[in-house]
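So the structure is just underneath, and the comments pick up after that.
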Amino acid sequence: MTKANYPSDKFKDIETPFYYYDLDLLRATISEIKTQSSKANFDVHYAMKANVNSSVLACIQQASLGADCVSGGEVKAALDAGIPASKIVFAGVGKADWEINLGLENDIFCFNVESIPELIVINELAAAKGKTAQIALRINPNVSAHTHHYITTGLSENKFGINMSELEKVTDLVVTLPQIKLIGIHFHIGSQITDMSSFQALCVRVNEIQEFFDSKNITLSVINVGGGLGINYEHPNHFPIPDFDGFFKVYREHLELRPHQTLHFELGRAVVAQCGSLISKVLYVKEGTTKKFVILDAGFTELIRPALYQAYHRIENLNSELPDEVYDVVGPICESSDTFVKDYSMNQTKRGDIIALRSAGAYGEIMASQYNLRPLPKAFTSDQLV
Ligand SMILES: *Cc1c(COP(=O)(O)O)cnc(C)c1O
């Protein structure tokens, strides 16, 4: 069994559970994003909601990626991390007044607007401050992402964005709002998308929508196609960096940008997922009547993805090279859903072994909770443990 090259000798001195971030892998991933996106007029923003660990954000900021935020807290975190307001975009179906005001006060680059009532509120709040808000319309393209239904966002049944049938009405309204400047259109069809044909379908839809704006004589400088590129949860050791070349190529080949337009991306998972692991210790190996359970000191309070989306994370025993046995790997929380994986083959395991739950850099630490009054997990980076 190939395992990650982790400093497991250092891990044994640290109280578990904790998150571990391999910053060399993160920097290599960002560098690949930069190389591949610079083949065209593409600009990548990092989707803050995936992970806001300060060391991770420092790498994002040093590489001059922008930030895609979905709350006032994230706008503030991006600014605090030194990401310039001119590279911050703010999306979300339910922006509160204080959050919109925060964006206005800091002159963020763009609000991705998801409804007519939101458009009217932004116009009013901007007027009160004597400002003009740059906005992009988030359009629901009714394109399927072929992913888990909890992380599909671009179908007309989903709560996100403005439906295509409303487009005419919305654009007619936008041009009458004095404190609003329409600069672009925005899309985000879902997450953990590995089938490139979904992105190709989005390109086709964007091309159609561009024709609509052309017919209205409205010039857009930004087309924002969101994020959603998936990663390989089965084989993190073989595919540590996602295929950004293949991903951007879909857009280079299928999306017809106008000469002065920039194409924006908002990648979260694909940037940070593979660099993070949740490190845990085996508390007990319990023999059931038909099963063996490996009971970890980490549960869905530290990593909720398996319980929330039936997500799979590869699990490695960093201390055992013994032959494989079959286990259910579970956490200590008083809920049956606190199971990471069932009937899983891994090296024979005993109390005290250190376990790595792989590909946990995205939607891991940030989703941790204190349920059962458990403390929030700490985090360490490869830079700290050398
Ligand atoms: C969550 C989200 C993203 C990032 O999604 P990933 O699948 O992590 O790349 C991008 N844009 C918006 C609007 C989002 O809500």
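Ligands are counted one by one from 1 in listed order, and the atoms in each one are counted from 1 as well.
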Exercise for review: Can you run down the salt bridge (Lys or Arg N to Asp or Glu O under 4.0 Å) pairs that involve residues 332-347, sequence neighbours left out, and say none if there aren't any?
Suggested key: K291-D343
Revision key, fill the gap. Here the salt bridge (Lys or Arg N to Asp or Glu O under 4.0 Å) pairs for residues 86-99, sequence neighbours left out, are K95-E118
Check your understanding: Can S320 and D353 be counted as having a side-chain donor-acceptor contact under 3.5 angstrom?
Key -> no
Revision key, fill the gap. In chain-and-number order, ligand 1 lies under 4.0 Å from a heavy atom of each of A47, K49, D68, R138, H186, H188, S191, G227, G228, E266, L267, G268, R269, Y363
Exercise for review: Flag the pair R358 and E316 as a salt bridge only when some basic side-chain nitrogen lies within less than 4.0 angstrom of an acidic carboxylate oxygen.
Suggested key: yes
Point to revise | Residues clustering with V330 (ILVMFWY side chains joined when closer than 4.5 Å, directly or via others) | key: L283, Y284, F293, I295
Exercise for review: Answer yes when D172 and K169 have at least one side-chain N-carboxylate O distance shorter than 4.0 Å, and no when they do not.
Suggested key: no
